[in-house]
Amino acid sequence: MKIAVVGTGYVGLVTGTCFAETGNHVTCVDIDEKKVQMLNNKQITIYEPGLEVLFERNIRQGRLEFTTDLKEGIKGAKIIFLALPTPPGEDGSADLKYVLKVAEDLGPILEDYTVIVDKSTVPVGTADKVHAAIAANAKVDFDVVSNPEFLREGVAVDDFMKPDRVVIGAESDKAKKVMEKLYGPFVRQGNPIIFMDVKSAELTKYAANSFLATKITFMNEIANLCELLGADVDMVRKGVGTDTRIGKRFLFAGIGYGGSCFPKDVQALAKSASQADYDFKILNSVMEVNQTQKERLIDPLKAYFNNDLTGKTIAIWGLAFKPYTDDIREAPALENISKLLSLGAKVKAYDPEAMENVKGVFGDQIYFAEDEYDALEDADALMIMTEWPVFRTPEFDKVEASLNNKVIFDGRNLYELGQMEELGFTYHSIGRKIING
């Protein structure tokens with residue numbers, strides 16, 4: 001089947017590559033000439049484990065190509081995916097200008113019946129707006145479908161190739177048959193394709209991400225209470241997570257969520273609720289708690305140094321919002337670095353993948369280390385912001401030898417309390433007792 005994907009960001013590139021992997025001919029369209037040139041030269045533009053192999057294979061075998069020409073890119077396509085940015089506007093609502101501009105451009109150049117698929121995360125009612133924008137100049141029949149993505153950065157290829165479910169909002173039987181044929185190879189193990197009305201599909205993505213963000217935030221609130229009551233959030237997590245009604249995932253306490261989805265989607269759903277005159281109290285609290293949680297370790301750090309960080313050098317392990325990605329959008333590390341700099345501290349940072357992106361934010365304001373141990377040299381304390389595997393089992397003798405003080409402020413609870421006590425570190429984590437070395 002011939003498919004076009006408009007937008008070669010994270011979602012668009014994963015979507016196009018994975019559809020090509022199942023034998024479809026995919027053309028990805030983007031207005032960024034430099035990016036398209038890189039992609040045509042087999043230079044992948046995002047970091048996502050497992051994607052590069054599929055990307056190179058499908059280009060080599062002629063199933064995946066890239067262009068800046070929308071008319072040429074959609075020629076002969078039975079399905080056109082819109083995988084365009086929907087950034088938060090000034091009021092928190094999703095900005096649909098990119099989606100609607102492409103919809104307007106598509107109208108006059110459609111040559112045959114086509115299914116237009118909203119793959120971007122968009123508010124309820126967007127499909128109606130896209131339909132109207134296309135219909136204003138279209139001369140052929142078409143359908144607009146909602147097909148929200150559920151890709152986790154770091155495991156997006158597996159999520160796409162072996163989805164838990166495929167959600168499709170479609171109003172016509174014709175569109176349903178086209179989409180069912182497209183997704184057939186991905187659900188052979190029996191996971192469902194769930195057809196529903198378009199508005200329900202649009203809301204499903206926001207509801208899923210907002211629920212997960214709420215789950216994380218609830219456990220962070222429990223962690224903060226654990227510290228006050230002398231309980232251990234890891235024990236609480238295990239006791240709660242074995243309840244099958246709750247489940248084990250998204251229960252790890254830490255310094256808040258970040259990334260391209262949760263912050264934006266929670267904010268957008270709250271705004272949509274507000275526009276419908278509904279006060280979504282839970283989501284407003286989730287946003288407030290998460291913002292505070294990001295800097296949860298700053299006060300203990302200040303207290304350790306008698307409330308004066310002037311001239312202190314703080315090592316940061318982890319800059320991406322989560323491991324296995326170079327994505328720094330809404331990453332807690334960025335807010336902690338900004339806070340440390342404002343308090344007069346110096347920062348030495350290391351991340352396996354995200355340092356180039358962070359250089360674009362802080363430039364030479366901070367030191368970018370060659371590896372995790374280089375970041376520790378002559379540092380006064382270590383703060384852990386991202387749970388990369390390389391940070392889980394460090395050589396603690398090297399950590400001790402490099403740091404000026406045997407103190408770790410761990411925002412991801414990577415180490416066992418008994419181990420830290422035995423090693424003689426002062427160790428602050430989230431929702432657990434303080435180990436005083």
Side-chain angles (χ1 to χ4, degrees), residues 10 14 44 46-53 151-159 161-162 212 216 219-220 223 233-234 237-238 241 248-262 294 297 314-334 336-337 348-358 368-377 379 381-403 408-420 422-423 425 427-432 435:
Y10 181 83
V14 172
I44 199 162
I46 62 171
Y47 174 76
E48 179 61 37
L51 183 63
E52 190 166 2
V53 173
L151 305 179
R152 296 168 295 161
E153 292 189 45
V155 288
V157 172
D158 278 349
D159 283 347
M161 300 300 289
K162 303 171 187 175
L212 295 175
I216 292 167
M219 284 307 295
N220 284 336
V233 73
D234 279 348
R237 170 179 58 80
K238 291 173 183 176
K248 299 175 182 179
R249 299 176 65 183
F250 293 90
L251 292 181
F252 287 86
I255 49 173
Y257 59 78
S260 61
C261 292
F262 286 5
K294 287 184 176 183
L297 290 174
I314 308 302
I316 300 283
W317 279 2
L319 298 170
F321 86 94
K322 63 181 284 189
Y324 302 108
T325 181
D326 61 355
D327 194 341
I328 61 170
R329 285 173 286 185
E330 303 285 344
L334 302 192
N336 279 270
I337 290 171
K348 300 179 71 178
Y350 174 73
D351 186 282
E353 293 294 337
M355 290 199 292
E356 282 301 315
N357 290 338
V358 176
F368 292 93
E370 294 181 5
D371 58 33
E372 64 269 34
Y373 300 110
D374 180 35
L376 300 178
E377 286 296 330
L382 167 62
M383 297 184 78
I384 300 174
M385 300 281 109
T386 313
E387 61 274 31
W388 282 97
V390 71
F391 303 146
R392 290 186 178 275
T393 54
E395 297 177 49
F396 282 107
D397 56 342
K398 291 179 70 172
V399 175
E400 178 181 349
S402 299
L403 285 173
I408 298 174
F409 295 84
D410 182 359
R412 299 301 177 188
N413 291 4
L414 296 189
Y415 309 130
E416 296 294 331
L417 298 181
Q419 179 188 28
M420 292 294 98
E422 185 177 324
L423 291 170
F425 278 86
Y427 181 66
H428 292 252
S429 53
I430 305 295
R432 304 186 295 178
I435 302 299

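Numbers here simply count residues along the sequence, with the first being 1.
Ser402 has its side chain out of reach of Glu395: every pair of non-hydrogen atoms, C-beta onward, lies at least 4.5 Å apart. Contact of the Leu319 side chain with the Ile337 side chain is registered, since non-hydrogen atoms from C-beta on lie closer than 4.5 Å. Here the side chains of Val399 and Tyr373 are in contact, with some heavy-atom distance below 4.5 Å. Within the 4.5 Å cutoff, side-chain heavy atoms of Arg432 are placed close to those of Val233.
The CE atom of Met420 lies 13.0 Å from the NE2 atom of His428; values are rounded to the nearest 0.5 Å. How far OH of Tyr324 is from CH2 of Trp388: 7.5 Å, rounded to the nearest 0.5 Å. To the nearest 0.5 angstrom, Asp410 atom CG is 8.0 Å from Leu297 atom CG. In this structure, CG on Asp159 lies 4.0 Å from CZ on Arg152, to the nearest 0.5 angstrom. The distance from the SG atom of Cys261 to the CG atom of Leu212 is 10.5 Å, given to the nearest 0.5 Å. Note that CD of Glu153 is 8.0 Å distant from CD1 of Ile46, once rounded to the nearest 0.5 Å.
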**Study point:** Residues Leu403, Leu382; criterion side-chain contact (heavy atoms from CB on, under 4.5 Å); working and verdict
**Key:** CA-CA 8 Å; Leu403 285 173; Leu382 167 62; 4.2 Å; yes
Check your understanding: Stepwise, does the side-chain contact (heavy atoms from CB on, under 4.5 Å) test hold for Arg412 with Thr386?
Key -> CA-CA 7 Å; Arg412 299 301 177 188; Thr386 313; 5.6 Å; no
Exercise for review: Could you give me the CA-CA distance, side-chain angles and deciding distance for Leu51 and Ile44, then say whether side-chain contact (heavy atoms from CB on, under 4.5 Å) is met?
Suggested key: CA-CA 9 Å; Leu51 183 63; Ile44 199 162; 3.7 Å; yes
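Taking both residues in full, the closest heavy atoms of Leu376 and Ala315 are given as CD2-CB, 3.8 Å, listed atom of the first, atom of the second, then distance. Shown here for Pro323 and Pro389, the closest heavy-atom pair between the two residues is CB-CD, 4.4 Å. Listed here is the closest heavy atom pair of Val14 and Leu151: CG1-CD1, 3.8 Å. Shown here for Gly318 and Met385, the closest heavy-atom pair between the two residues is O-CB, 3.2 Å. Considering all non-hydrogen atoms of both residues, Asp327 and Thr325 come closest at N-OG1, 3.1 Å. Across every non-hydrogen atom of Ala320 and Ala331, the tightest pair is C-CB, 4.1 Å.
Open room surrounds CD on Glu422; 12 or fewer heavy atoms of other groups in view lie less than 6.0 Å from it. With a 6.0 Å radius and a threshold of 12 heavy atoms from other residues, nucleotides or ligands, Phe252 has its CZ atom at or below the threshold.
Taking the six-membered ring wherever Trp is involved, the centroid distance between the rings of Phe262 and Phe321 does not fall below 6.0 Å.
Put simply, the side chain of Arg329 never gets that close to the backbone of Gly259: no donor and acceptor are under 3.5 Å apart. Looking only at distances, a side-chain donor or acceptor of Glu48 sits under 3.5 Å from a matching main-chain atom of Ala156. In this structure, Asn357 contributes its side chain and Asp326 its backbone to a donor-acceptor pair below 3.5 Å. The main-chain N or O of Ile430 is found under 3.5 Å from a side-chain atom of Asn413 such that the two form a donor-acceptor pair.
For the residue pair Tyr350 / Asp374, no side-chain donor-acceptor distance below 3.5 Å is found, with atom types taken as modelled.
Shown here are the salt bridge (Lys or Arg N to Asp or Glu O under 4.0 Å) partners of Glu377, two or more places apart in sequence or in another chain: there are none. Every residue meeting the salt bridge (Lys or Arg N to Asp or Glu O under 4.0 Å) condition with Glu400, not counting sequence neighbours, appears here in chain and number order: Lys406. When the salt bridge (Lys or Arg N to Asp or Glu O under 4.0 Å) test is applied to Glu330, the partners found at least two apart in sequence or on another chain are Lys294.
Residue Tyr415 forms a ring-ring contact (aromatic ring centres under 6.0 Å, His included) with just one option from Phe396, Phe425, Phe391, and that option is Phe396.
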